[in-house]
Asks: 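Here you go, one structure.
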Amino acid sequence: MVHNSSVPLYWRLRKSKYNLIGTRCKTCSTAYYPARHLCQKCRRKGEIEEFKFSGQGKILSYTIIRSAPAGFERYTPYAVAIIELAEGATISGQVTGKIEDIKIDQPVIPVFRKIYEDGSGGLIHYGIKWEIADGQRA
Amino acid sequence: MVHNSSVPLYWRLRKSKYNLIGTRCKTCSTAYYPARHLCQKCRRKGEIEEFKFSGQGKILSYTIIRSAPAGFERYTPYAVAIIELAEGATISGQVTGKIEDIKIDQPVIPVFRKIYEDGSGGLIHYGIKWEIADGQRA
Amino acid sequence: MVDVAVVGCGYTKFDEHWNRSLRDLSTEAGMLAIKDASIDGKDIQALYVGNMSAGRFIGQEHLGALAADQAGLIPIPATRCEAACASGALAFRKAYMGIKSGEYDMVMAAGSEKMTDVKGTDAVATLMGAGDQEWESAIGLTFVGLYALMARRHMIQYGTTREQLAMVSVNNHRNALHNERAQFRYEITVDKVLKSPLIADPLRMLDCSPITDGAAAVVLVSDKLAGRFQNPVWILGSGQASDTVALHDRQSLTEAMATRVAAKKAYEQSGLTPQTVDIAEVHDCFSINEIMSIEDLGFCRKGEGGKFVEAGKIGRDGEKPVNTTGGLKAIGHPIGATGIRQVCDITRQVRGDYGKLQVHGVKTGLASNIGGTGATSIVHILGSERPGR
Amino acid sequence: MVDVAVVGCGYTKFDEHWNRSLRDLSTEAGMLAIKDASIDGKDIQALYVGNMSAGRFIGQEHLGALAADQAGLIPIPATRCEAACASGALAFRKAYMGIKSGEYDMVMAAGSEKMTDVKGTDAVATLMGAGDQEWESAIGLTFVGLYALMARRHMIQYGTTREQLAMVSVNNHRNALHNERAQFRYEITVDKVLKSPLIADPLRMLDCSPITDGAAAVVLVSDKLAGRFQNPVWILGSGQASDTVALHDRQSLTEAMATRVAAKKAYEQSGLTPQTVDIAEVHDCFSINEIMSIEDLGFCRKGEGGKFVEAGKIGRDGEKPVNTTGGLKAIGHPIGATGIRQVCDITRQVRGDYGKLQVHGVKTGLASNIGGTGATSIVHILGSERPGR
Ligand SMILES: [Zn+2]
Ligand SMILES: [Zn+2]
């Protein structure tokens, strides 16, 4: 029942998820992550290109998941935040490190981590998590 | 993903599935298997009672499943038929015995068998299968 | 223009029905509505069924035909509608539009969900089907987690307190005391909410609506037939709107744009305002959603929902009674059934025949049903008077 | 009474799209229809999405909002409709009724299914969600198994031959040769069908429509707006009916009662008859279903479907061209998309602009979409002339 374990899905999104690659509309400069292939503002007039995000971001809101869905039981408690990327898009992601250190508006940087291990097939899903950036960058 | 393995579902239907217990409308004598609690003919005017079917039936149509759904892979090929019960209801069921012996209109009798084993939990699901009745009854 | 009225309603006990199936529950709800309307099942010309996830909960799709089959309504057209947690209201709206189209004069709208056949963590995963599977479910987000993200932001932006959130649940539990079909019929206190286990900070167990099995149904008729019924309750306004499926794609984490758009339409059609509508059923899947909904529906200004609750204005004797029969928190939340259950409760309150649950003098009521974290929002306003023409 | 016309249509390549998601495919189909209609996406007032089982195939529900989100159509109302394999036609019918209700003047109806993210046996199990989970799936029945039960009975009762069944697939493959969006574009022979592996006796691999990913979309408008478009194709009739979900509960194994009821309604509304309608898209999920449908739609008498096929009457130059672009068998069958794809193909044929796929002189066409083993049946008739008033 853990649909996240679908191999085709994982494969389709791996480049985007591993490398923070989204899209940008050349026409109006709006950046999209996750990638969109139709600009929400310009629609068919918008010209979409691939776009790599810098990874600079800050925490808009966060929570600590203590009751997990199937597939994530062994990782509780874990922190999830909504991150506002410097280029304008917002994204959900897990936050690594000490839960007590997480605060609203705090700068974060992306790190490459295991997201979870598929219990049945043993497939390990990697992706980006977010780490509290050090003092200088705050 | 094998939803048939749901324990509450199995438990709810076990009496009915083990013992061919359906319902009958006292008002119009229509017999229902699987059980219905609302008579399709009399609606609210129908008085429904529990009803045990005799198990006498005959084959209306049959097929041999050679490509199985998740959970039944190890049993192929297996025969499935639509059985017309003597009391009037019709039901789908697996037919045991030699596949070559199955013919339309053939009388069958119910036997208690393993339907399948749940791969993950190991729960064994029992129920009724159908066996070709001997010559005298044909 | 055809006008449409609700002339019958009913819902099953909302509970963990280990011993009952989706089909049993749906049939019972249908029969309750038929009986309440004093009609014959044969008079129903079409069926609309709201259900979110029977495909995953019990391996069964094709819920429209299944409900028609079990209720002995074959061969009438049967339509299953899905918009996650707003599936019930969606079925209701499509039923209403079915009559407005001139195609039918009497239809049934029903909603159902059977959630307890799978284990808890599977239910949590299944519910995330309402969110973004690729970008929210995939990182381990849960539904309560998403609402927790909204709650924290709301607390920071507007000073909403943990206590105010708790008061939402306290009010809902109190209102359910006399609701025989509610899953929880006992009072709770703010203290008890604050001491219940954290599920996704800052939300706790008693901020959350439960996992529930249940079904609800209503009968709708055109103005042509409404005269035959004693107490038709008219649909005065109906609005529906969409937003991004992923919470992170929204313009705001503390405002449901879709609710504002849907409500605006329903208010305009009805000629009513947030001030003049008598009572409301709002979508309290989590306490924060009731506070945000109170704001988005215009009962108070954005950010003042917490204070509105704290001031007792949502109580049964308050300025704007909300969830007068217990809400999702105390009645339970069988996903697809909830939107129809809300309409049932508004209908009874407007009819004025709701016994111990009755709020005095209700002439109009609003039902707000939200799918996912706000990607679908559907608002209906019902009232005792036929729409002015 | 409002009249409704189709003014734009399009579908993606139907295929095993390992590298594309449901959301990509849906958005592409929507854009194709918008482009075909030469409209702006902003003009669309509501969206209806047919999808059977994304909850199980990819863990995603809330398909209406998701499609609106991805297509940049927020905040318009978005409704997901489900009736198993008839989900597409159901979305189309609800879109049509949405316009007839006076609520909208321009809407999009889309259908989609992403089936190849799960392994084959899981797909087979998921498809059984269209049948009776408690009494059919539970004993190991498959979808092809259910149709095999019908096929055997039809052969015994009416003398339908194995060869006649095979000819259905042969005709569908031949018709798909010039359909660039078809999954299979090669001819097959009766002999090849008869030598393909048995799946559920008497049905073989080449009697079966495949597992497919794909999406389709159409734009519908009211008569108020139809004048703006060059070639509106009018909806002349729409019928929908239900039957028992379980095959064993039917009155007959060889007749789809729901199709007969739905077709009767559509014929009556359109003023057309089985004899006068020019072409038909019928639901050939398995070859036997095309034969039964030909009978149930009245193109020949019950039991004579096999002979009708054998006599070549369903060919592109036959008496009643059926599935002129390849049908479910050769185009592929992404469950929720099929009903909309059928309407796309009828629309193009009626418009007369279908290039190599064009059948000469088509003024009217019928689309028949069937859910499960016939528990839902939906029939639409479209034509080039506005309905007589
Ligand atoms: Zn742009
Ligand atoms: Zn009876």
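To find a chain, count down the sequence lines: A is the first, B the second, and so on, and within it residues start at 1.
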Asks: For the CG atom of D:Leu90 and the OG1 atom of C:Thr79, what is their distance to the nearest 0.5 Å?
Replies: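 Here the interatomic distance stands at 4.5 Å.
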Asks: I need the D:Met97 CE to C:Ser101 OG distance, nearest 0.5 Å.
Replies: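 Here the interatomic distance stands at 4.0 Å.
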Asks: To the closest 0.5 Å, what do you measure between NE2 (D:His62) and SG (C:Cys85)?
Replies: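 Separation between the atoms: 7.0 Å.
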Asks: In terms of heavy-atom pairs under 4.5 Å with chain D, which of C:Ser21, C:Ser377, C:Gly371, C:Ala258 leads?
Replies: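 It is C:Gly371.
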Asks: Please classify the contact between C:Glu136 and chain D as side chain, backbone, both or neither, with a heavy-atom cut-off of under 4.5 Å.
Replies: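 Contact with chain D: none, neither part.
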Asks: Closest approach of C:Gly59 and D:Arg56, non-hydrogen atoms and distance?
Replies: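 In this case the closest contact between C:Gly59 and D:Arg56 is CA-NH1, 3.4 Å.
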Asks: Go through C:Glu82 and D:Glu82 one step at a time and tell me if the side chain to side chain contact (heavy atoms under 4.5 Å, CB included) criterion holds.
Replies: CA-CA 8 Å; C:Glu82 184 267 327; D:Glu82 184 267 328; over 6 Å; no
Asks: Just give me the residue among D:Ala130, D:Ala241, D:Gly129 that pairs up with chain C most often, heavy atom to heavy atom, under 4.5 Å.
Replies: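 Heavy-atom pair counts peak at D:Gly129.
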Asks: Between C:Cys81, C:Ala78, C:Ser87, C:Ala46, which shows the greatest number of heavy-atom pairs under 4.5 Å with chain D?
Replies: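 When all of C:Cys81, C:Ala78, C:Ser87, C:Ala46 are compared, C:Ala78 has the most.
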Asks: By a 4.5 Å heavy-atom criterion (distance strictly below it), what part of C:Glu134 contacts chain D: side chain, backbone, both, or neither?
Replies: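 It is both, since atoms from each part get that close.
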Asks: Please find the pair of heavy atoms, one from C:Thr376 and one from D:Ala65, that lie closest to each other, and give the distance.
Replies: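 Minimum heavy-atom separation between C:Thr376 and D:Ala65: OG1-CB, 3.8 Å.
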Asks: Under a 4.5 Å cutoff for heavy-atom pairs, which residue among D:Asn51, D:Val261, D:Thr244 has the most contacts with chain C?
Replies: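 Winner by heavy-atom pair count: D:Thr244.
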Asks: Just give me the residue among C:Gly98, C:Ala83, C:Ala91 that pairs up with chain D most often, heavy atom to heavy atom, under 4.5 Å.
Replies: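 It is C:Ala83.
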Asks: Looking at C:Ala84, C:Ala262, C:Ser238, which makes the most heavy-atom pairs under 4.5 Å with chain D?
Replies: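 Top option by heavy-atom pairs under 4.5 Å: C:Ala84.
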Asks: Can you give me the closest heavy-atom contact between D:Arg93 and C:Pro77, atom names plus distance?
Replies: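 Nearest heavy atoms, D:Arg93 then C:Pro77: NH2-CG, 4.4 Å.
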Asks: Below 4.5 Å from any heavy atom of chain D, which atoms of C:Leu66 appear? Answer side chain, backbone, both or neither.
Replies: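 For C:Leu66, backbone and side chain are both near chain D.
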Asks: Which atoms of C:Leu63 come close to chain D, meaning under 4.5 Å heavy atom to heavy atom: side chain ones, backbone ones, both, or neither?
Replies: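 Both backbone and side chain.
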Asks: If I take atom CZ from residue C:Arg23 and atom CG from residue D:Asp132, how far apart are they, to the nearest 0.5 angstrom?
Replies: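 Answer for the CZ-CG pair, C:Arg23 versus D:Asp132, is 4.0 Å.
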Asks: So does D:Lys265 have more than 12 non-hydrogen atoms from other groups sitting under 6.0 Å from NZ?
Replies: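 Yes, the 6.0 Å shell around NZ holds more than 12 heavy atoms from other groups.
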Asks: Do D:Ser242 side-chain atoms and C:Ile76 backbone N/O form a donor-acceptor pair below 3.5 Å?
Replies: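 Present.
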Asks: First locate atom CD of C:Gln60, then atom CE of D:Met128, and finally report the distance between them rounded to the nearest 0.5 Å.
Replies: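 The CD atom of C:Gln60 sits 8.5 Å away from the CE atom of D:Met128.
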Asks: Can you tell me how far CD of C:Glu103 sits from CD of D:Gln240, rounded to the nearest 0.5 angstrom?
Replies: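 So the gap between those two atoms works out to 9.0 Å.
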Asks: C:Asp69 and D:Val245: which non-hydrogen atoms are nearest, and at how many Å?
Replies: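 Scanning both residues, the minimum pair turns out to be OD2-N, 2.9 Å.
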